[in-house]
Amino acid sequence: MKRIEWGDWLAIGVPEIDAQHRALVDRLNDVDRAVAEHHPETEVTKTLDFLADYAKHHFTTEEEFMAREQYPGIAGQRAAHREFLALLEDLERDFREEGSTRPLAEALETLLVTWLTNHIQGMDREFGRFLDKG
C-alpha cells in the first residue's frame with residue numbers, strides 16, 4: 001500500500017489541528033505497516049485500538065474548536081467524523097474475524113488515502129479558510 005507522507009498539501013493553517021492531523025496520518029501508516037508486514041494479531045489490534053482512540057480525541061478537539069469559533073459547517077464535520085469512526089470499527093471487526101487479508105489492506109488504503117486526505121483537503125481546509133476570514 002502507498003504510505004502517505006505529511007506535507008503542506010495537508011496543512012489547513014491551524015497549528016494544533018495540523019499537528020493532530022499529522023499524528024493521525026502517522027497512526028494510520030502504523031496500522032497499514034502492521035497489516036502489510038503481517039505483524040501478530042495482538043499488535044495489529046493494539047495499533048487499530050490506538051488509532052481509534054486517537055481519532056476520537058482529535059475529532060473532539062476539532063469539534064470543540066469549531067464550536068468555540070461558531071463555525072457554521074460543524075454539523076457536516078460531526079457527521080463526517082462519525083462516518084470515519086464507523087469505518088474504523090468495521091475494519092477492526094473485519095480484522096478480528098478474518099485476520100490480515102488483502103481486502104483489509106485495500107480498505108485501509110481507502111481509509112487512508114481517500115477518506116482522510118479528502119476530508120482534510122476539503123472540509124477541514126474550509127474551516128481553516130473560515131478562520132482566516134474571521
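Numbers here are sequence positions counted from 1. As the structure is a computational prediction, the values presented were derived from the model and not from experiment.
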Practice prompt. Check each of N118, L116, T117 against I120 using the side chain to side chain contact (heavy atoms under 4.5 Å, CB included) test, and report the only one that passes.
Written response: L116

Worksheet entry | From CZ (F59) to CZ (F84), nearest 0.5 Å | 5.0 Å

Worksheet item: If every non-hydrogen atom of R125 is compared with every non-hydrogen atom of D8, which pair is closest and at what distance?
Response: NH2-O, 3.9 Å

Practice prompt. Return the minimal non-hydrogen interatomic distance between T47 and E43, and the atom names on each side.
Written response: OG1-O, 2.8 Å

Practice prompt. Indicate the atoms forming the closest heavy-atom contact of A80 with W115, along with that distance.
Written response: O-CZ2, 3.0 Å

Discussion item. Applying salt bridge (Lys or Arg N to Asp or Glu O under 4.0 Å) to D49 and R96, what does each step give before you reach the verdict?
Written reply: CA-CA 12 Å; D49 289 344; R96 285 185 178 94; 3.3 Å; yes

Practice prompt. Take I17 and F127 through the side chain to side chain contact (heavy atoms under 4.5 Å, CB included) test and state the conclusion after the steps.
Written response: CA-CA 11 Å; I17 293 174; F127 178 58; 3.9 Å; yes

Item to complete: Would you check, one step at a time, whether the test side chain to side chain contact (heavy atoms under 4.5 Å, CB included) holds for H119 with Q77?
Response: CA-CA 9 Å; H119 179 75; Q77 282 277 5; 3.1 Å; yes

Practice prompt. Could you give me the CA-CA distance, side-chain angles and deciding distance for F65 and L131, then say whether side chain to side chain contact (heavy atoms under 4.5 Å, CB included) is met?
Written response: CA-CA 11 Å; F65 197 126; L131 292 175; 3.7 Å; yes

Practice prompt. Please step through salt bridge (Lys or Arg N to Asp or Glu O under 4.0 Å) for the pair D132 and R129, ending with a clear verdict.
Written response: CA-CA 5 Å; D132 270 353; R129 283 193 284 271; over 6 Å; no

Worksheet item: If two hydrophobic side chains count as joined below 4.5 Å and joins carry through other members, does L85 share a cluster with M123?
Response: no

Worksheet item: If only atom types and distance count, is the side chain of Q121 paired as donor or acceptor with the main-chain N or O of W9 below 3.5 Å?
Response: yes

Worksheet entry | Atom of A23, atom of Y54 and distance for their closest heavy-atom approach | CB-OH, 3.3 Å

Worksheet item: Between the side chains of E5 and N29, does any donor sit under 3.5 Å from an acceptor?
Response: no

Worksheet entry | Closest non-hydrogen atom pair, E126 against Y71 | CB-OH, 3.6 Å

Worksheet item: Under 4.5 Å between any side-chain heavy atoms of E16 and T61, yes or no?
Response: yes

Fill in: T45 to F95 - nearest heavy-atom pair and separation
OG1-CE2, 3.4 Å

Worksheet entry | Trace of the salt bridge (Lys or Arg N to Asp or Glu O under 4.0 Å) decision for D30 with R33 | CA-CA 5 Å; D30 290 344; R33 185 174 24 262; 2.7 Å; yes

Worksheet entry | Residue pair H21 / H58, side-chain donor-acceptor N/O under 3.5 Å | yes

Item to complete: Given side chain to side chain contact (heavy atoms under 4.5 Å, CB included), test E62 with D124 step by step and report yes or no.
Response: CA-CA 9 Å; E62 197 172 71; D124 288 347; 3.3 Å; yes

Worksheet item: Is the backbone of A11 close enough, under 3.5 Å, to the side chain of D18 for a donor and an acceptor to pair up by distance?
Response: no

Fill in: Over 12 non-hydrogen atoms of neighbours within 6.0 angstrom of CD in E37
yes

